[in-house]
2 protein chains.
Amino acid sequence: MSSSDKSVVSRLRKLIGEGFYQPGERIGEVAVAEQLGVSRTPVRLAFRTLEQEGLLQQAGKRGFMVREFTEADVLCAVEVRGVLEGLAARRLAEQGLSQELDAELQVWIQKGKELLAKGFLEERDVDTWSELNRHFHETIVGSAGSPVIGDAIARNNHLPFAAADSIVIDSEALDREYRKLQLAQTQHELVVQALRHGEGARAEMLMREHAFIGLRYGELLGL
Amino acid sequence: MSSSDKSVVSRLRKLIGEGFYQPGERIGEVAVAEQLGVSRTPVRLAFRTLEQEGLLQQAGKRGFMVREFTEADVLCAVEVRGVLEGLAARRLAEQGLSQELDAELQVWIQKGKELLAKGFLEERDVDTWSELNRHFHETIVGSAGSPVIGDAIARNNHLPFAAADSIVIDSEALDREYRKLQLAQTQHELVVQALRHGEGARAEMLMREHAFIGLRYGELLGL
DNA sequence: AATGTTATGATTGGATCCAAAGTAGAGCTT
DNA sequence: AAGCTCTACTTTGGATCCAATCATAACATT
């Protein structure tokens, strides 16, 4: 897999995400090849990858179409990530938190604390949070004893809106987002607490609930 | 994706599963193409699919290698299936079991009862069980309200030994397998009971535990 | 002798060509 | 006029060709 080849996959993923190709729309190899300025070969390879990722699905006997996602699908994808990250957290709690891991998690907790300490949110804080949030989640999932859980989550995250760092969107209402991140930070801290004490079931449930933060908490915190 | 093309993927998957290509071994396009009697093009496409499935992984900068799986990976894959099927069962319990679904599940329960009624196991019963077991699981997962969970399970099942129907192996010790299936049948019945009563948490936990049946129950039942 | 550099060989990625399968449209038959 | 069939065109799948990249080995230089 070359870099240019990867770029075809990600560029196509981006186009689909942006709605350039409408859900349900039949998508032809030649059209995409011309659009991206490459030959059919890398496009065909990319179609395979995107089919496995779930963004494309076979259209009848012939070719592919953009898969459409319902509200229920998005909710479900978030729940899937929740149970998988919950599984990772539980396993981690059961196997015991090592000194180094504890320290590493503490780093991201601390960064989160610092970010929120000033009492409000700036535009550029969003990226900072997204970064530390990603590290926090990756640290837990990557320490669960096998790459299998991480792989399953990675595949699930290919679905739009399923990834953990697709929380913050609304940079208009930064005060609302601030409260959301405050809650997320608390949840992170609780998870670490549970992990430290070997409380597997609690860690699992906290992590599950944490997955919903980008989904249902808007109404709750939105006054 | 043509039929011949699918066949390259599945034939290659079979060869890897059988150990024809050793884990960790570098796997070349030309070698596979000659082995299967096709050109490099379908092989390259198949490599993409198998990479996404997790059976192949990139070997350095160039080409692919057969991924190796540890004991921990197998255990983890089974747990992943457990939590995902558990999620499906819980959602199903929460949304309520429809009349038709109840009837359909009852069919597979009944077939299981009939299979085990005679008090022992024959060689050909293994396939029958495998079939009804697959239907039972697919019915639950397919009714969870979104194909997303099923997709995640399907991708996970590509890993060797993770699939639900890889329970029965030992056709030498059919008496031992009989008791295992008896337990599996009971678990199926308990799951349906929980689903009927809308007991989401119970259904989830039963389904989770059920995933382990091919893994840890051998020692328990093996005297 | 060891290390760095260059050259050659192996292997993958991209483009194009050809064949096969499918779809749509037009014309014919009933 | 409706339905069926045949044909032509579109699109995908497989094979092959060419270019680019990586690895290995040999040779030269310090």
Side-chain angles (χ1 to χ4, degrees), chain A residues 1-16 19-68 151 154-155 158, chain B residues 1-16 19-68 151 154-155 158:
Chain A
M1 179 177 292
S2 75
S3 58
S4 144
D5 188 6
K6 263 206 190 74
S7 131
V8 170
V9 174
S10 58
R11 278 200 290 166
L12 192 47
R13 199 187 288 136
K14 192 159 174 284
L15 283 173
I16 293 171
F20 184 87
Y21 297 107
Q22 286 300 318
E25 185 184 339
R26 180 100 175 282
I27 188 171
E29 292 177 1
V30 280
V32 175
E34 282 172 13
Q35 172 75 22
L36 298 182
V38 292
S39 88
R40 276 180 52 221
T41 308
V43 174
R44 284 167 68 185
L45 292 168
F47 276 14
R48 287 315 178 77
T49 299
L50 294 175
E51 185 203 11
Q52 286 299 113
E53 286 184 1
L55 254 68
L56 296 180
Q57 61 184 174
Q58 285 181 257
K61 297 274 183 183
R62 201 162 182 139
F64 292 94
M65 55 187 281
V66 179
R67 177 158 167 195
E68 21 193 354
D151 289 350
R155 287 189 294 249
H158 287 129
Chain B
M1 183 177 290
S2 74
S3 59
S4 144
D5 187 7
K6 264 207 189 72
S7 129
V8 170
V9 174
S10 59
R11 278 200 291 166
L12 192 48
R13 199 188 286 138
K14 192 159 176 282
L15 283 173
I16 292 171
F20 183 87
Y21 297 106
Q22 287 300 318
E25 186 186 339
R26 179 96 177 284
I27 189 171
E29 293 177 0
V30 281
V32 174
E34 284 172 11
Q35 172 73 23
L36 299 182
V38 293
S39 87
R40 275 179 52 218
T41 308
V43 174
R44 284 166 68 184
L45 292 167
F47 277 13
R48 284 314 185 77
T49 300
L50 294 175
E51 185 204 9
Q52 286 298 114
E53 287 184 1
L55 255 68
L56 296 180
Q57 61 185 174
Q58 286 181 257
K61 298 274 183 182
R62 201 162 182 131
F64 292 95
M65 54 185 283
V66 178
R67 176 159 169 194
E68 19 192 357
D151 289 351
R155 287 191 293 250
H158 287 128

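Computed over heavy atoms, backbone and side chain alike; hydrogens, waters and symmetry mates excluded. As the structure is a computational prediction, the values presented were derived from the model and not from experiment. A, B, ... follow the sequence lines: proteins, then strands. Residue 1 opens every chain.
- Rounded to an integer number of Å, the gap from CG of A/Leu45 to P of C/dA15 is 11 Å.
- Between A/Gln58 and A/Phe64 the shortest side-chain heavy-atom distance falls below 4.5 Å.
- Rounded to whole Å, atom P of C/dG14 lies 14 Å from atom CD of A/Glu29.
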Just list the side-chain donor-acceptor pairs under 3.5 Å for residues 35-44 of chain B, sequence neighbours left out, or say none.
unit_1  : atom_1 : unit_2  : atom_2 : d
B/Ser39 : OG     : B/Thr41 : N      : 3.3
B/Arg40 : NE     : B/Glu29 : OE1    : 2.9
B/Arg40 : NH2    : B/Glu29 : OE1    : 2.9

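- Rounded to an integer number of Å, the gap from B/Leu36 CG to D/dG14 C1' is 14 Å.
- With axes fitted over five pairs at each extremity, the angle between the ends of the helix from C/dA1-D/dT30 to C/dT30-D/dA1 is 10° (10° resolution).
- Side-chain contact between B/Leu45 and A/Phe47 is absent, with no heavy atoms from C-beta onward closer than 4.5 Å.
- Residue pairs that meet the ring pair (Phe, Tyr, Trp, His ring centres under 6.0 Å) test with at least one member in residues 20-39 of chain A, sequence neighbours left out, do not exist here.
- Atom CE of B/Met65 is separated from atom C1' of C/dT11 by 17 Å (rounded to the nearest Å).
- Atoms CZ (B/Arg44) and C1' (C/dG13) sit 5 Å apart, rounded to a whole Å.
- Residues B/Leu56 and B/Ile16 have side chains in contact (heavy-atom distance under 4.5 Å, counting atoms from C-beta outward).
- Atom pair A/Glu34:CD and D/dT10:C1' shows a separation of 13 Å (rounding to whole Å applied).
- A close approach under 4.0 Å does occur between a side-chain nitrogen or oxygen of A/Ser39 and OP1 or OP2 of C/dA15.
- Between B/Arg40 atom CZ and D/dC17 atom P there is a gap of 12 Å when expressed in whole angstrom units.
- By the 4.5 Å heavy-atom criterion applied to side chains, A/Val66 and A/Gln22 are not counted as neighbours.
- For C/dG14, the OP1/OP2 oxygens have no side-chain nitrogen or oxygen of A/Thr41 closer than 4.0 Å.
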